[in-house]
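The next block holds one structure in the form of structure tokens; read it before the comments.
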Amino acid sequence: MATRNKNIAKLQAGYLFPEINRRKNALLEKEPNANIISLGIGDTTEPIPEFVAKAIADAAIGMATLDGYSGYGSGLGMTELREKITERLYNGRIGADEVCVSDGAKCDCGRLQVLFGADATIAVQDPAYPVYVDGSVIIGATGEYSAENKNFKNIAYMPCKPENNFFPDLANTPKTDLIYFCSPNNPTGATASKEQLEELVAFAKKNKSIIIFDSAYATFIQDPNTPKSIFEIEGAKEVAMEVSSFSKPAGFTGVRLGWTVVPKELKFEDGSSVLTDWKRIMSTVFNGASNIIQKGGIACLEDEGWSVVEERISFYMENARLIREALQELGITVYGGDNAPYIWAHFPGKNSWDVFEDILESCHVVSTPGAGFGATGNEFVRFSAFGHRDNVLEAIERLKKKLQE
Ligand code: PGU
């Protein structure tokens with residue numbers, strides 16, 4: 001028989017969200033009538049704009065006609081979509097030919113790991129979206145796991161905690177090939193300021209690192225002075241690429257559409273173009289995002305679609321405010337929730353899986369334990385602001401009852 005991929009064997013646990021689901025289902029087995037509310041996985045709940053659904057439906061029906069039919073696309077996305085992304089979301093700061101459309105940010109993270117390979121050294125924020133580390137483990141880029149330190153040998157973890165305002169201490173971060181950086185951050189909800197991102201770009205320049213900037217939540221930023229893209233920072237095009245997504249702003253978590261920006265200026269050590277290699281990877285292991293769904297993406301970015309997208313974002317941010325304020329009233333220290341759809345709640349001295357279990361058992365509310373995002377998350381629990389308003393209010397009532405005990 002074939003031998004098991006030794007890198008997969010290094011993964012310390014199952015992927016975080018299926019594990020949470022498993023625990024939720026275990027509770028349902030014990031209490032089949034439990035009305036469980038999820039503030040766990042960051043999955044959108046509100047319908048996509050009707051204007052967008054109609055564009056998708058029209059494209060689908062068009063496929064049954066000779067004129068409307070299309071097969072394989074360019075692989076990097078429809079020109080109209082790429083242009084609209086640069087106009088609506090990047091103020092024209094990047095070229096449409098630097099936008100590579102995909103089936104989502106998570107999938108692009110996986111392909112990025114293939115792009116850089118097993119020899120790339122990486123730095124990640126701790127806590128971080130688990131895909132950066134797990135994906136790097138799978139590609140073999142992380143070295144062995146140390147149970148004692150609860151981390152992988154070849155990963156530079158950049159602790160992000162209240163004490164450093166959730167921005168890494170770059171002076172004490174080693175040089176690595178890649179730096180994963182997510183702002184607004186999943187899971188802490190923190191955003192990096194312009195000055196902080198300037199520091200990050202300067203750090204990457206000095207070390208000849210490439211920043212992989214994840215802006216999946218950029219549209220949730222409310223503060224007009226907070227950058228929504230790394231490309232708002234001067235010189236970033238020489239040291240950064242950006243992954244992003246329609247998932248959270250447009251309710252496309254199940255529809256699937258995202259993109260990665262790879263600037264032409266971004267070069268490897270030998271002077272060769274990262275964009276050229278990215279195109280090579282995309283044309284080899286991906287065949288383009290669905291042409292039907294790309295029409296939906298175009299519709300999102302038109303005025304009629306975008307006004308509803310903005311309404312949905314405001315709706316989720318109101319959920320975030322409700323959750324944040326309710327927890328604060330209960331005396332819990334919370335972070336995030338003002339420029340991001342996540343609230344990062346601190347339970348000093350407690351183990352996050354225990355807090356998660358306790359809230360699940362006693363309130364029938366699913367949260368996400370901070371330890372699932374890295375060792376620095378261990379005293380924290382993440383609450384997602386994605387949910388129907390009734391459910392959010394009900395979850396808040398249950399949390400109040402429980403935590404006031
Ligand atoms: N990037 C970040 C920072 C994310 O938090 C998520 C989703 C994605 C990318 C995925 O984007 P797609 O375009 O939909 O692929 N994070 C959610 C969902 C969990 C998951 O496994 O992706 C979360 O709850 O953290």
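One-based numbering, in listed order, for ligands and for the atoms of each.
Residue G42 has at least one nitrogen or oxygen atom sitting less than 3.5 Å from a nitrogen or oxygen atom of ligand 1, judged on distance alone.
When hydrogens are left out, the protein atom nearest atom 11 (O) of ligand 1 is A105 CB, 3.7 Å; that is the closest non-hydrogen contact. Annotation: atom 14 (O) of ligand 1 to nearest protein heavy atom, S247 OG, 2.6 Å. Protein heavy atom in closest approach to atom 13 (O) of ligand 1: S245 OG, 2.6 Å. In terms of protein heavy-atom proximity, atom 2 (C) of ligand 1 is closest to D214 OD2, 3.4 Å. The protein non-hydrogen atom at the shortest distance from atom 8 (C) of ligand 1 is Y129 OH, 3.3 Å. In this structure, atom 4 (C) of ligand 1 lies nearest to the protein heavy atom Y217 OH, 3.3 Å. For atom 7 (C) of ligand 1, the closest non-hydrogen atom on the protein side is K248 NZ, 3.0 Å. Among all protein heavy atoms, the one lying closest to atom 21 (O) of ligand 1 is Y15 OH, 2.7 Å.
Ligand 1 has C182 within reach: a non-hydrogen atom of the residue lies less than 4.0 Å from it. Proximity of Y132 to ligand 1 is established by a heavy-atom distance of less than 4.0 Å. Residue contacts with ligand 1: T253 is excluded, as none of its non-hydrogen atoms falls under 4.0 Å. Residue contact annotation: F386 has no non-hydrogen atom under 4.0 Å from ligand 1.
Using a 4.0 Å cut-off between charged side-chain N and carboxylate O, E361 and K30 make a salt bridge.
Heavy-atom proximity to G104, at under 4.0 Å, picks out these atoms of ligand 1: 13 (O), 15 (O).
Side-chain contact between M282 and S102: present, with at least one pair of heavy atoms (C-beta onward) separated by less than 4.5 Å.
In terms of heavy atoms, V124 sits closest to Y132 at CG1-CB, 4.0 Å.
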(message) Using the rule given for ring-ring contact (aromatic ring centres under 6.0 Å, His included), can you reason through Y217 versus Y342, listing the C-alpha separation, both sets of side-chain angles and the distance that settles it, and then say yes or no?
(response) CA-CA 10 Å; Y217 301 97; Y342 295 125; 5.2 Å; yes
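Residue K84 forms a side chain to side chain contact (heavy atoms under 4.5 Å, CB included) with just one option from R82, R88, E80, and that option is E80. Test T368, V334, I359 against F383 for side chain to side chain contact (heavy atoms under 4.5 Å, CB included) and you get one pass: I359.
Listed for the R389 side chain is a donor-acceptor partner under 3.5 Å among the backbone atoms of F315.
Geometrically, R23 does not engage F356 in a cation-pi contact, judged by NZ or CZ lying under 6.0 Å from the ring centre and within 45° of the ring axis.
For the residue pair T253 and T44, a side-chain donor N or O sits within less than 3.5 Å of a side-chain acceptor on the partner.
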